[in-house]
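For reference, the structure discussed in these notes is given below.
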Amino acid sequence: MNIILFDEAPSFIPFSDDRAKHIRNVLHLKEKDVFRAGIINGREIRCTIEKIDGEGIYVSSESGMDLSPLFPLSLMLAEVRPISMRRILRESVSIGVGRIMLVISDLGEKSYRDAGLYKSGEYKKILVDGAMQSGFTGVPPVDFFSSVDEAVKAIDTDNRILLDNVVGRQRLSTMHLDGSLTIAVGPERGWSDRERNVMLSNAFIPALMGNRILRTETAAVASMMMSLAAMDLI
């Protein structure tokens, strides 16, 4: 953790909370020590440990600068295996993506949407973990869509890119993009021809990152970083 995030400024953190365990067992902090924290989607806070007893950690806090801004980049992502999705979600937030759109694709496994990752709310914790890795407080919204057709209607960015080895011609690494962007990354089996046609008829520009076929989690992370570079944001 490069920042410890809370829903609101804490005054007491019980040892049943993993964040208290981190403060005591990883950071090895003691009374009067200071640690860096923040409010989810809000300001950084400077926390001072006032007391530690058998129940937990008592702190006082001082508000700092706003660390919530995210990049104007949306990731439109086909559902993949939960073990891969966990990694993608965490890395997407640590990179600073502004919105995550999860889509049930034609060629993807439909049952992924029913995974415990979503039903238990685990994915929300993973998003916060990604933000704590980044050192910032911003956690993007995650929107769920039953099809590409439904998802494209909800896009609100200036630019749209379809990453695809079949129809992609222009290399993402050569592009310069102004304004906000949605980038579409498909499942392991790729987008269907029907989905490609839907996106191409809805102002998506077909692009690719090279001739190699990448795993979805690799393509997602690489494309986000390359997109931010094309937007002159990193």
Side-chain angles (χ1 to χ4, degrees), residues 40-41 70-134 138-165 172 180-200 202-207 209 213-228:
I40 295 173
N41 288 319
L70 297 165
F71 292 120
L73 172 64
S74 297
L75 174 65
M76 180 175 143
L77 177 70
E79 288 280 9
V80 292
R81 293 176 300 158
I83 189 171
S84 296
M85 184 60 77
R86 289 180 176 91
R87 290 191 284 262
I88 296 172
L89 292 176
R90 184 177 289 107
E91 296 305 317
S92 298
V93 181
S94 68
I95 287 169
V97 70
R99 183 188 185 190
I100 299 172
M101 307 171 69
L102 299 183
V103 181
I104 296 177
S105 60
D106 289 350
L107 302 180
E109 175 57 55
K110 306 300 186 289
S111 65
Y112 289 154
R113 179 59 57 84
D114 297 323
L117 170 66
Y118 306 115
K119 288 191 171 182
S120 69
E122 179 193 354
Y123 78 96
K124 296 178 182 178
K125 180 181 183 299
I126 291 172
L127 298 175
V128 175
D129 286 346
M132 290 194 290
Q133 168 63 37
S134 75
V139 176
V142 177
D143 300 313
F144 297 88
F145 299 93
S146 60
S147 66
V148 164
D149 313 60
E150 182 184 12
V152 296
K153 296 176 183 178
I155 294 173
D156 58 2
T157 55
D158 301 316
N159 303 291
R160 307 174 180 193
I161 289 179
L162 164 60
L163 269 184
D164 189 84
N165 287 66
L172 182 57
S180 55
L181 170 67
T182 295
I183 188 160
V185 178
E188 301 294 346
R189 295 177 62 194
W191 299 112
S192 68
D193 288 338
R194 187 196 72 80
E195 290 169 323
R196 292 185 184 100
N197 290 332
V198 168
M199 285 186 272
L200 292 175
N202 279 275
F204 275 81
I205 300 170
M209 293 187 293
I213 299 173
L214 305 176
R215 295 180 64 180
T216 299
E217 59 190 276
T218 305
V221 172
S223 65
M224 285 185 286
M225 296 302 292
M226 293 176 69
S227 295
L228 292 173

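Residue indices begin at 1 and follow the sequence shown. Only heavy atoms go into these numbers, but all of them, side chains included; no hydrogens, no water, no symmetry mates.
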Between R99 and P140, what is the shortest heavy-atom contact and its length?
N-CB, 3.9 Å

pair M224-S227: side-chain heavy atoms closer than 4.5 Å:
no

Nearest-0.5 Å distance, CE of residue M76 to CG of residue D143
12.0 Å

How long is the gap from CD on E217 to CG on L77, to the nearest 0.5 Å?
10.5 Å

E195 side chain to D106 main-chain N or O, any donor-acceptor pair under 3.5 Å?
yes

Sub-3.5 Å donor-acceptor pair from the side chain of D158 to the main-chain atoms of S180, do we have one?
yes

For a quick test of reading the model, state the closest non-hydrogen atom pair linking L73 to V97 and the distance between them.
O-CG2, 3.0 Å

Begin from the C-alpha positions of V221 and I95 and carry the test side chain to side chain contact (heavy atoms under 4.5 Å, CB included) through to its verdict.
CA-CA 8 Å; V221 172; I95 287 169; 4.0 Å; yes

Looking at residues at least two apart in the chain, or sitting in another chain, which of them share a side chain to side chain donor-acceptor pair (under 3.5 Å) with D129?
K125

Value for CG (D193) from CG (L200), rounded to nearest 0.5 Å, stands at 10.5 Å

Report yes if the side chains of D149 and R194 come closer than 4.5 Å at any heavy-atom pair, otherwise no.
yes

What are the two closest heavy atoms between A78 and M85, and how far apart are they?
O-CE, 4.1 Å

Rounded to the nearest 0.5 Å, how far apart are CG of L89 and CD of E91?
10.5 Å

If only atom types and distance count, is the side chain of R196 paired as donor or acceptor with the main-chain N or O of W191 below 3.5 Å?
yes

Closest heavy-atom contact between L70 and G138?
CD2-O, 3.7 Å

Any heavy-atom pair between the side chains of V148 and M199 that's under 4.5 Å?
yes

For E109, what residues pass the salt bridge (Lys or Arg N to Asp or Glu O under 4.0 Å) criterion, not counting sequence neighbours?
none

With side chains defined as the heavy atoms from C-beta onward, is the minimum distance between P206 and D164 less than 4.5 Å?
no

Using distance only, find each side-chain donor-acceptor pair of residues 181-189 under 3.5 Å and give its atom names and separation, not counting sequence neighbours.
from : atom 1 : to   : atom 2 : distance (Å)
T182 : OG1    : T157 : OG1    : 2.8
E188 : OE2    : T216 : N      : 3.3
R189 : NH1    : L107 : O      : 3.4

Spell out, as yes or no, whether a donor-acceptor pair under 3.5 Å connects the side chain of K110 to the backbone of G108.
yes

Where the side chain of R113 meets the backbone of L102, is there a donor-acceptor pair that is under 3.5 Å apart?
yes

Minimum heavy-atom distance Y118-Y112, with the two atoms named
CE1-O, 3.4 Å

Got F204 and I155 here, is their nearest side-chain heavy-atom distance under 4.5 Å?
yes

Kindly indicate whether the side chain of R86, heavy atoms from C-beta on, has any atom under 4.5 Å from the side chain of E122.
yes

What are the two closest heavy atoms between S223 and L163, and how far apart are they?
CB-CD1, 3.1 Å

Below 4.5 Å, heavy atoms only, C-beta onward: do M209 and M226 meet side chain to side chain?
yes

Spacing of CG belonging to N202 relative to CG belonging to N197, to within rounding of 0.5 Å:
11.0 Å

Should V139 and K124 count as side-chain neighbours, where that means a heavy-atom distance under 4.5 Å?
no

When rounded to the nearest 0.5 angstrom, what is the spacing between CZ in R87 and OG in S92?
12.5 Å

